[in-house]
Number of protein chains: 2
Amino acid sequence: MSVQMVAARAHENDVRASTVVEAMRLFAAHGFEGTALQDIADAVGVSKPAVLHHFPSKEHVRQAVLDEILSHWNEALPRLLLAATGSGDRFDAVFGELYRFFSNNPDRARVVAREMLDRPGELRKLLRGSVKPWLGAVAGYIRAGKERGLHYADVDEEAYLIHILLLVITATASATVTSSALETDPRSRHDRYDRELARIARASLFPSVPAALNPKKAAGDSRKRKAPR
Amino acid sequence: MSVQMVAARAHENDVRASTVVEAMRLFAAHGFEGTALQDIADAVGVSKPAVLHHFPSKEHVRQAVLDEILSHWNEALPRLLLAATGSGDRFDAVFGELYRFFSNNPDRARVVAREMLDRPGELRKLLRGSVKPWLGAVAGYIRAGKERGLHYADVDEEAYLIHILLLVITATASATVTSSALETDPRSRHDRYDRELARIARASLFPSVPAALNPKKAAGDSRKRKAPR
DNA sequence: CCTACCGATCGGTAGG
DNA sequence: CCTACCGATCGGTAGG
C-alpha cells in the first residue's frame with residue numbers, strides 16, 4: 001500500500017467519522033428533516049457530493065448515527081450488567097451507568113427522543129434487539145429483589161425500567177429546558193434535577209431508602225413514615 | 001348581517017379551526033420541518049394560498065397550534081388546582097387531571113416534546129408563563145404535606161413535578177413505542193404502563209402507599225419493609 | 001473529491 | 001372597494 005493510499009484511506013475515515021459526529025450533533029439540535037446535507041457538509045468542511053460519496057443517501061447518514069449510538073450502548077452493556085450483579089449499591093451502580101451513558105453525550109438522548117417521535121416503528125425494532133436483553137436481565141434482578149422483600153411488591157419490572165429509561169432520556173435531552181425554566185442559579189440547577197431524578201427512580205423501587213444510599217440527609221429523623229398496619 | 005356574510009364568516013372560522021387541528025396532527029406526527037404547507041392544505045381540503053390567507057406564514061400556524069394547547073391547558077388549570085385542594089385522594093386527582101390532559105390528546109404531548117427539542121428557548125418562555133404558576137401552587141401543597149410527614153423529607157418539589165410532567169409527556173407521546181416494544185397483547189399493554197407510571201409518581205412521593213389507593217394488592221403482607229432504624 | 005447541474009418541492013406571493 | 005380564495009409562479013433549496 002503506497003503512502004498516498006494510506007493517506008487517502010486515513011482521510012476517508014476522517015471524513016466518514018467526522019460526518020457521523022457532525023450529523024449526530026445537527027440531527028440532535030434540528031432533527032433529521034431540519035438538517036440539510038449541505039449543513040453537514042459545511043460542518044465537516046467538505047462539499048455536499050463529498051458526503052454523498054461516503055454515504056449513498058441522507059438516510060444512510062441517519063443509520064450511521066444510530067449505529068454509532070447503538071455501538072456505544074453495546075459497549076456499555078457489560079458494565080451495566082456487571083453493575084447489576086455486583087454487591088453493594090447495585091441500584092446506584094446500574095442507574096449511574098444508565099444515566100452517564102446519556103448525560104455524557106446528551107445528543108444521544110436527543111437523537112433517540114427524536115426517533116421515538118419521527119419513526120416509532122423503526123425504533124421499536126432497534127429496542128427489541130438491543131434494549132430488551134438488558135431489560136430482561138435487570139428485570140430479573142428486580143424480581144429476585146422483590147422476593148427478598150427489597151422492593152415494592154406491585155412493581156411491574158419491565159414497565160418500571162422502560163419509564164426510568166424514558167425519564168433519563170427525556171431529562172438529559174431537555175436539560176436546557178427543565179433546568180433554566182425555573183432556576184436562576186446555573187450552578188445549582190444540574191445537581192438539583194439529577195439528584196431528584198435518581199431519588200424518584202430509587203424511592204419508587206425501594207419501600208425504604210437505605211440511609212447509606214442517601215448520605216445528604218440525616219438517617220433517622222429526616223423521613224417520617226406511618227407504620228405499616 | 002346578511003345570510004351570505006354569516007355563511008362566509010362561518011366558513012372562515014371553519015378553515016381556520018380545522019387548519020389548527022390538522023396542523024397539530026401533522027406537526028405531532030412529522031414535526032414542523034417535516035410538514036409542508038401543502039400537506040396541511042391537503043388535509044384541510046383547501047389550497048395552500050388559502051391557508052396562507054388565514055395565517056401570514058407557516059410560523060403563524062405553529063404559534064396557533066401552541067396557543068391551542070396552551071388555551072386548553074389554562075382551561076384545565078382550575079380543575080388541576082381544585083384537585084390539589086380537595087379532600088381525599090388529592091394525589092390521584094391531580095395526577096389524573098395531568099395525565100388525562102395529555103393522554104386524551106397525545107398529539108399535545110408530541111408537539112410539546114418536539115418543541116422541547118426544536119426550540120428549547122421558546123418553550124422555556126412558554127413554560128415560565130403558563131406552567132410555573134401551577135407548579136408553584138402544587139409545590140406548595142407538597143411542601144405542606146412534607147411538614148405533616150406525608151411525603152419523603154428529601155423531595156425537591158419543583159424538580160419532582162418537572163420530572164413527573166416530563167414523564168407523563170414522554171410516556172403519552174411515545175405510547176406506541178413503549179408499549180409495543182415488549183408487549184404482544186395489545187389489550188394489556190396500555191393499562192400496564194399507565195399503572196406503573198402512576199405508581200412511580202406516587203411511590204416516589206409517599207413513603208408508604210396507602211392501601212386504599214392500591215386496591216389491586218392485598219394491604220398488609222404484599223409489601224415487606226425494613227423498619228426505619 | 002470538486003463544479004455543475006437535474007427534477008421536485010419548499011415557503012410564500014404575484015395578478016385576476 | 002372589500003372578502004375569500006384560485007392557478008401559476010416567484011426565488012431558493014431539497015436530495016441526488
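Residue numbering restarts at 1 for every chain, and letters A, B, ... go by the order of the sequence lines.
For an aromatic pair to be called close, the ring centres must be under 6.0 Å apart, and B:F206 with B:H151 satisfies this.
Nucleotides C:dA4 and D:dG16 place their P atoms 22 Å apart, quoted to the nearest Å.
Residue pairs meeting the ring-ring contact (aromatic ring centres under 6.0 Å, His included) criterion with at least one partner in residues 119-143 of chain A, sequence neighbours excluded, are A:W73-A:W134.
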DNA chain C base-pair string [pairs: Watson-Crick or G-U under 3.5 Å; |: paired with another strand]: .....|.|..|...|.
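Looking only at distances, no side-chain donor or acceptor of A:H163 sits under 3.5 Å from a matching main-chain atom of B:L167.
Here C:dC1 presents its P atom at 12 Å from CZ of A:F55, a figure rounded to the nearest Å. Here D:dG16 presents its P atom at 8 Å from CD of A:E59, a figure rounded to the nearest Å.
Looking at A:D118 and B:R114, a side-chain N of the basic residue comes within less than 4.0 Å of a carboxylate O on the acidic one, giving a salt bridge.
A:A23 pairs by the side-chain contact (heavy atoms from CB on, under 4.5 Å) definition with A:F27, A:I40, A:V61, A:V65, not counting sequence neighbours.
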Evaluate the side-chain hydrogen bond (donor to acceptor under 3.5 Å, both in side chains) criterion for residues B:T170 and A:T170: first the C-alpha distance (whole Å), next the side-chain angles of each, then the deciding distance (0.1 Å), finally the verdict. CA-CA 7 Å; B:T170 313; A:T170 314; 2.9 Å; yes
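Residues B:A139 and B:L161 come closest through the heavy atom pair N-CD1, 3.6 Å. Nearest heavy-atom pair across B:A203 and A:S204 is CB-CA, 3.9 Å.
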Show every donor-acceptor pair shorter than 3.5 Å between a side-chain atom in residues 28-35 of chain B and any protein atom, with sequence neighbours excluded, or say none if there are none.
unit_1, atom_1, unit_2, atom_2, d
B:T35, OG1, B:L26, O, 3.3
B:T35, OG1, B:G31, O, 2.7

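Listed pair A:H54 / C:dC1 meets the phosphate criterion, a side-chain N or O lying under 4.0 Å from OP1 or OP2.
The stretch residues 22-44 of chain A touches DNA chain D through A:T35, A:A36, A:L37, each having a heavy atom within less than 4.0 Å of the strand.
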Mind listing the N/O atom pairs, protein and nucleotides 3-5 of chain C, below 3.5 Å?
none

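A donor and an acceptor atom, one from each side chain of B:D194 and B:Y99, are located under 3.5 Å apart.
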